[in-house]
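To keep things clear, I will list the structure first and then write my remarks on it.
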Amino acid sequence: MSGGFGRAVAHSNIALAKYWGKADALRNLTAVPSLSLTLAALRTTTSVRFDAGLVADEFSLAGERVSGRPFERVVKLLDAVRAEAGLEDHARVESVNDFPTAAGLASSASGFAALAMAASRAAGLESSLEQVSALARAASASAARSVYGGYVALRARAEFAERVLDGAAFPLEMLVAVTVSGPKGTASTDGMGHTQDTSPYYPAWVDTAPSVYAAVRRAVETSDFSALGPAVEHSALLMHASMLAARPALIYFAPATLRVMERVRAFRQSGGRAYFTMDAGPHVKVLVEPAAAAELELELRKLEGVSVVLRSEIGPDARWVDA
Ligand code: DP6
């Protein structure tokens, strides 16, 4: 087959119970279970066209040609699709994020989920969401979760993610406080490898993470925000404790990161309900009920070192879109 085309949209996700570390680096299987929330406001659209006239794969993000490691990861996913479809043509991949890439939020999750979906379609594969999720997971584990909307789990060593709960059944929102602009420090894949290799707290993280995941999952399934919030914060801080104990230490905190956390805790002390989480970067994501989101958003905007606050509802499944 030649000239196949596919286009797909996928939303980013933020883990409420974190994944950090691999059980199998070669197959990219995770060492711990994770559970995430898909975000409506952070979206990637990707189109893939296989073309017999191309001498190599091409990948552009927001119209700019991408090379180096990000490009190689795209080629690896395309190779997997070609192998499955019995295809030899190269592909042109065009990707656009509808959120500020410069803010350092560009997540591999929505990107690889949209790519997996678009490339399978372009290659003529009749892939199920599970198959797309497995393809995305091999490229970046968090991307497996972006194939589904709402609350999504990826069990330890799982090939693909699973839907836990529809967003409408437990409609929370997330505020993303962008604290420092520019590209992030150590990429997740490198950071977790370094933590696994050097942190004496990594085994403790792997031992503890399943019970925190179970608490997060139970709280989601029972729509219990008071139980969910503390477990979400615990998961993020446990993960960061393992990073801080690596040698040399992996420190993703910026001064404004701590300012946002402090503000969220003060919000709770004055009777509000909101909980923070953070990933391999200095930005803070705050889980909040819709009724309190506008007030907290304004408060976070006032903090020194916070450049942007994005507000997002829970997002839907990734999907194919017409050309
Ligand atoms: C801190 O999925 O980006 O965001 O599988 O190596 O591509 P690779 O890593 P990635 O790691 C995400 C780590 C995290 C927590 C999470 O999303 O669960």
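Hydrogens, waters and symmetry mates are skipped; everything else that's a heavy atom, side chains included, is used. Order of listing sets the numbers, starting from 1, for every ligand and every atom in it.
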Using a strict cut-off of less than 4.0 Å between a Lys/Arg side-chain nitrogen and an Asp/Glu carboxylate oxygen, indicate whether E72 and K76 qualify as a salt bridge.
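No salt bridge links E72 with K76.
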Proximal candidate to atom 10 (P) of ligand 1 [heavy atom criterion; set A25, A144, S142, G21]
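The residue whose heavy atom sits nearest atom 10 (P) of ligand 1 is S142.
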Just go through F112, W20, Y19, Y252 and tell me whose heavy atom is the nearest to atom 12 (C) of ligand 1.
Y19
Do E289 and L172 have side chains that get closer than 4.5 Å, going by heavy atoms?
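With C-beta onward as the side chain, the pair touches.
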So do the side chains of L29 and R137 get within less than 4.5 Å of each other, counting heavy atoms only?
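Yes, side chains in contact.
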Sub-4.0 Å heavy-atom contact, K22 with ligand 1
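Heavy atoms of K22 do come under 4.0 Å of ligand 1.
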Can you name the atoms of ligand 1, numbered from 1 with element, that are less than 4.0 Å from a heavy atom of [X]?
| X | value |
| --- | --- |
| D279 | 1 (C), 4 (O), 14 (C), 15 (C) |
| N28 | 5 (O) |
| A15 | 16 (C), 17 (O), 18 (O) |
| R73 | 7 (O) |
| M192 | 9 (O), 11 (O) |

Hey, is ligand 1 close enough to A17 that some N/O pair sits below 3.5 Å?
no
For ligand 1 and K18, I'd like to know whether there is a polar contact (N/O to N/O, distance under 3.5 Å).
no
Nearest heavy atoms of A141 and L154, plus distance in Å:
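Heavy atoms only, the tightest pair is O-CD2, 3.6 Å.
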Considering all heavy atoms of both residues, which atom of A41 and which atom of R311 are nearest to each other, and what is their separation?
CB-O, 3.8 Å
Reported CZ-to-CG distance for the pair R43 and D98, which is rounded to 0.5 angstrom
4.5 Å
Find the distance between CG (L237) and OG (S242) and round it off to the nearest 0.5 Å.
11.0 Å
Proximity of [X] to ligand 1 by residue part, where a heavy atom lies under 4.0 Å:
| X | result |
| --- | --- |
| S140 | both |
| S108 | side chain |
| M243 | neither |
| I14 | neither |
| R145 | side chain |

In terms of the angle between their ring planes, are Y151 and F170 parallel, tilted or perpendicular, with boundaries placed at 30° and 60°?
parallel
Centroid-centroid under 6.0 Å between F225 and Y275 rings
yes
Sort out for me which residue in V220, L287, V212 forms a side-chain contact (heavy atoms from CB on, under 4.5 Å) with V232.
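Single pass found, and it is L287.
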